[in-house]
Structures are given as structure tokens and as C-alpha cells.
Protein chains: 2
Amino acid sequence: MTSTASRPSRVAKLPPRERILDAAEELFQSQGIARVGVQAIAERAETTKMAIYRHFDTKDALVAEWLRILAADYQAAFDRVETEHPGRPREQILGLARFIAEGLPTLSHRGCPFINSLAELPDRSHPARQVIEEHKARQTRRLVGMCADAGLPDPEQAAAEITFALEGAQVSTQNGSIDRVGERLLRIVAGIVDRPRASAP
Amino acid sequence: MTSTASRPSRVAKLPPRERILDAAEELFQSQGIARVGVQAIAERAETTKMAIYRHFDTKDALVAEWLRILAADYQAAFDRVETEHPGRPREQILGLARFIAEGLPTLSHRGCPFINSLAELPDRSHPARQVIEEHKARQTRRLVGMCADAGLPDPEQAAAEITFALEGAQVSTQNGSIDRVGERLLRIVAGIVDRPRASAP
DNA sequence: CCTGCACGATACCGATCGGTATCGTGCAGG
DNA sequence: CCTGCACGATACCGATCGGTATCGTGCAGG
């Protein structure tokens, strides 16, 4: 499994499974799930449909695995932000917002893969849909915890505000209705975290 | 109601074009664009594919027309909210938020049709995509105007905040990560509109 | 050295896609 | 009354979809 480059040809190619997942990532993100055929993924991965079906039972299973990896990547990035500011929830939250804001130009007019994929998966029992919903639920729980640690009066409401802002920023980037989205997003989240309280300690 | 048409001529049927658009509306909203075939639309509209192609050049043209009508419906609803509170921009903005909040339970786990459709239309030159982008741009312009009328210090930033909140609320309703979304949305928008200013008149 | 198996290549399957051609008929507008 | 045309029905088109079967080969692990 661990490859060890061997020495097949000049360029060291990744093993087929990785190439397939990379190809799926690029095509699903740029064109959506339904528009991308298994054959197209095979071609971009420089392999064949048969190889794909050797690693994944169905196209849906490949979609689910792609989203699983993507969710894990996001979780890892959030973990990194959190450990960068130990015991400082305010900075953790702002770091998270900065991470999203910095990713916006990359998403450009294609938006967030989770939001987009959900649109193509109306069936609530679809495995990929469950991956997304669990990821979003985890992310919300984490944010509520941070808001509580930061001493915000109503952590659940604050987490909802921040979540709406993050999701809305991605949607607005996609449809191009608002300029300087990243900048505005950071100001909004800072406003929530630094909101003046009614009572003082 | 659809099911079997036992009562033929008793019930006044809408003309085919309206039935097609109604059927498309229901199927696109509940299943997405790509998953719905022209044949399925014809069946639900109790007509044939030929009739659809008599009224619309392509499936894409039908999609664009559906979104055009939907955008017009939203515009009309916003107009109604605006004229309900003449000269009172604060109430207009809150009315707009209430309109969206009340619609959330209906959207349920399927979310906003504009957001969902954008996910399925990666091609920026697609006519339907342009319909959506123009609609969102108009909506933002209207909101900026209301915020300016309400005397908010930075109308563009306030409009962005409100837009993010509205879009984010719809996304979070779809993925189920947050409870009592409508209630939270109203509190957020009220907070923006009633935010204490640095200077007073 | 030997061998099993992942791999790539190729050919195929039924189903469904968007879109077209053709024709008979009922009804609305002149 | 007459007629044109929207309509419904039916049959068809090539392309593509997800998924499968089969086979030869090169290389890694024993």
C-alpha cells in the first residue's frame, strides 16, 4: 500500500487509487458531480474505468470517499488553527474566519464543494449526504465550544451567526453579488467576537 | 394534485405551457436540474416531450425560464414587503428577513433553488446562470438602498452582513447543522439594523 | 525463481439522456 | 361553416450514462 516509488518510468506516478481521487476532486469541484462521468475521471487519472471499479463499488461510493477526505482536510486545517492559538478562543475563531476568507479567491465562481454537492444529492439517505451533514454538525459543535470558551453570552447564537456568515460569504462569492467578500467576512466575525456585553465581570 | 386523471374535462386544466413550468418547478426544486429528464417533466405536466420542445428551444431554455419566473416572484414579494412599510426602511429590512425566515420550513432539506441551481451550472455563460447572478445583484442593490435609507453608517457592509445571514440561514437549514434557524436569523438581522451607532443625530 | 494479482486495454451491456420527425384530431378565431 | 394550428401520440436518433466481462502482462512478495 505504501508505494515506495519503485522506478517505473521517469516521472514517479502516484498509485491508481490516489490518481483517481485526485482526478475526481478536480472534476467534481469544477463541474459538479452529475456532469462528470466515470470515464472522464478515468481519463484524467490516466487509468481506466475498470481500475476505478476495482477500488470503489459505485460512483456514489467514490463521491462519498472524496467528500470524506475533503471533510478530513478541513478538520485538519481547523485543528491546526486551534493549536496555533492555544487557550485563546477569540483568536481561534478569527483564525478560522481568516482560513475561509483566504480560500474564497480559490473557490472563485464555483463555491463551496459541500454546499454544491448537497444541491446534487436530494436523497437524504445517500452516503455522501450523510458525510456532509456529519461534517457540518461537527463544525458547528466545535464553533459553539469556541464561543463558549470566549465567554460570549449566548454561544449557540454566536456560533449560528458566524456559521451563517461563513456559508453566506461562500455563496456570495460564487454568485458574484458582493465585492471584497473576504474583507467583509473578517469584519463581521470580528464584530461578533468583540461585541460589547451588557454585564461586566 | 396529480395521480391518475380520473376526471378528464370537469377540472379546468391550465394550458400546456403553464403545466410544463409548474411541473419543472416541482421537479427541479425537489430533485435538482440534472436528475430530472425532459420526459419526466412531460409526464408530470400530463403532456409530451414534443409539447415541451414546442414552447422551449432546449432544456436549458426551460431551466432559464423557470429561474426567470422564480426571480420575478421573489422580486414581487420584496416589492410587497417594501410597500407595506412605506418610508420605514428598518421595517422593510426586517420584513424581508421575516419573509425568508418563514420560507425556511418549506425549503426544508432542499434549500434555496438559486444556490442549488448555481451548483449545477458551472458554465458562466449559461443563460440560467446569468438570470441568477442578475437577480442576486439586483437584490443586493435593493438591500444597500434600504440600509442607506435606514441611516446605517456603512450601508454596503450592512447589506453584505444581511445577505450573508440570509444565504447562510438557507444553507444551514438544508444541511441541518443548526436548530431554530428562522428565529436566529431574525435576531441577527434585528441586531444589525438596531446596532448602536457611535454618533447620534 | 515462481507466482498471484493489480493493472491497463478492449469490448460490451441495458438504460436513459436531449432532441427530432411525422401524423391524426379537436377546437378557436375568422 | 371553414380552416390553421396547437396538441397528444408514437416512433425514432445518436450519444452517453453507470457498470461488467475478459484477457494479457509486468512486477512485488514469498
Side-chain angles (χ1 to χ4, degrees), chain A residues 1-24 27-28 31-67 117 120-123 126-128, chain B residues 2 4-24 27-28 31-67 117 120-123 126-128:
Chain A
M1 278 296 187
T2 38
S3 68
T4 65
S6 65
R7 38 206 104 94
S9 30
R10 297 187 197 96
V11 181
K13 249 198 214 172
L14 288 170
R17 190 172 192 277
E18 319 298 317
R19 299 206 310 272
I20 291 163
L21 284 165
D22 285 352
L27 293 172
F28 288 156
Q31 289 168 241
I33 296 170
R35 294 185 110 86
V36 174
V38 178
Q39 175 64 31
I41 297 171
E43 280 168 19
R44 179 173 264 262
E46 294 183 66
T47 180
T48 61
K49 277 209 303 187
M50 262 321 295
I52 293 181
Y53 283 104
R54 233 174 253 129
H55 291 282
F56 305 95
D57 287 345
T58 62
K59 182 191 178 185
D60 283 341
L62 171 58
V63 171
E65 183 64 12
W66 162 56
L67 290 168
S117 295
E120 296 196 73
L121 302 170
D123 181 4
H126 193 293
Chain B
T2 46
T4 51
S6 319
R7 303 169 273 182
S9 57
R10 254 332 201 174
V11 180
K13 251 199 214 172
L14 288 169
R17 191 171 191 280
E18 319 296 319
R19 299 205 311 272
I20 291 164
L21 284 165
D22 285 352
L27 293 173
F28 287 155
Q31 289 168 240
I33 296 170
R35 294 185 110 86
V36 174
V38 178
Q39 174 64 30
I41 297 171
E43 280 169 17
R44 181 173 262 263
E46 295 182 63
T47 179
T48 62
K49 277 208 305 185
M50 262 321 296
I52 293 181
Y53 284 102
R54 232 173 254 128
H55 290 282
F56 305 95
D57 287 345
T58 62
K59 184 192 176 185
D60 282 341
L62 170 58
V63 171
E65 182 64 13
W66 161 55
L67 290 168
S117 295
E120 296 196 73
L121 302 171
D123 182 4
H126 193 293

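Below, read A as the first sequence line, B as the second, and so on, with proteins coming before strands; counting in each chain starts at 1.
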S.K.: Atom CD in Glu120(B), atom CD in Gln31(A): separation rounded to 0.5 Å?
M.R.: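 Atom-to-atom, Glu120(B):CD and Gln31(A):CD are 13.5 Å apart.
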S.K.: Looking at five pairs on each end of the helix from dC1(C)-dG30(D) to dG30(C)-dC1(D), what is the angle between the two axes, given to 10 degrees?
M.R.: 30°
S.K.: Under 4.0 Å between a side-chain N or O of Arg19(B) and OP1 or OP2 of dA6(D)?
M.R.: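 False: Arg19(B) side-chain N/O out of range (4.0 Å or more) of dA6(D) OP1/OP2.
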S.K.: Show which side-chain atoms of residues 50-62 of chain A pair as donor or acceptor with protein atoms under 3.5 Å away, not counting sequence neighbours.
M.R.:
unit_1   : atom_1 : unit_2    : atom_2 : d
Thr58(A) : OG1    : Asp60(A)  : N      : 3.4
Thr58(A) : OG1    : Ala61(A)  : N      : 3.1
Lys59(A) : NZ     : Ile33(A)  : O      : 3.0
Lys59(A) : NZ     : Val36(A)  : O      : 2.9
Asp60(A) : OD1    : His126(A) : NE2    : 3.1
Asp60(A) : OD2    : His126(A) : NE2    : 3.4

S.K.: Supply the atom-to-atom distance Glu46(B) CD to Asp22(B) CG, rounded to the nearest 0.5 angstrom.
M.R.: 11.5 Å
S.K.: What's the spacing between Leu21(B) CG and Arg19(B) CZ if we round to 0.5 Å?
M.R.: 11.5 Å
S.K.: Can you check whether His55(B) has a side-chain N or O nearer than 4.0 Å to OP1 or OP2 of dA6(D)?
M.R.: no
S.K.: Quickly work out the Glu18(B) CD to dA6(D) C1' distance and round it to whole Å.
M.R.: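 Going from CD in Glu18(B) over to C1' in dA6(D) covers 14 Å.
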S.K.: If every non-hydrogen atom of Leu121(A) is compared with every non-hydrogen atom of Ala128(A), which pair is closest and at what distance?
M.R.: CD1-CB, 3.7 Å
S.K.: Closest heavy-atom contact between Ser117(B) and Leu67(B)?
M.R.: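 Looks like OG-CD2, 3.9 Å.
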S.K.: Give the B/S/- string for nucleotides 10-30 of chain C, one per nucleotide from 5' to 3', where a protein heavy atom under 4.0 Å of the base yields B, of only the sugar-phosphate yields S, and otherwise -.
M.R.: B-------BBBB---------
S.K.: So which heavy atom on Ile20(A) is nearest to which on Ile41(A), and how close?
M.R.: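 Reported closest heavy-atom pair: O-CG2, 3.9 Å.
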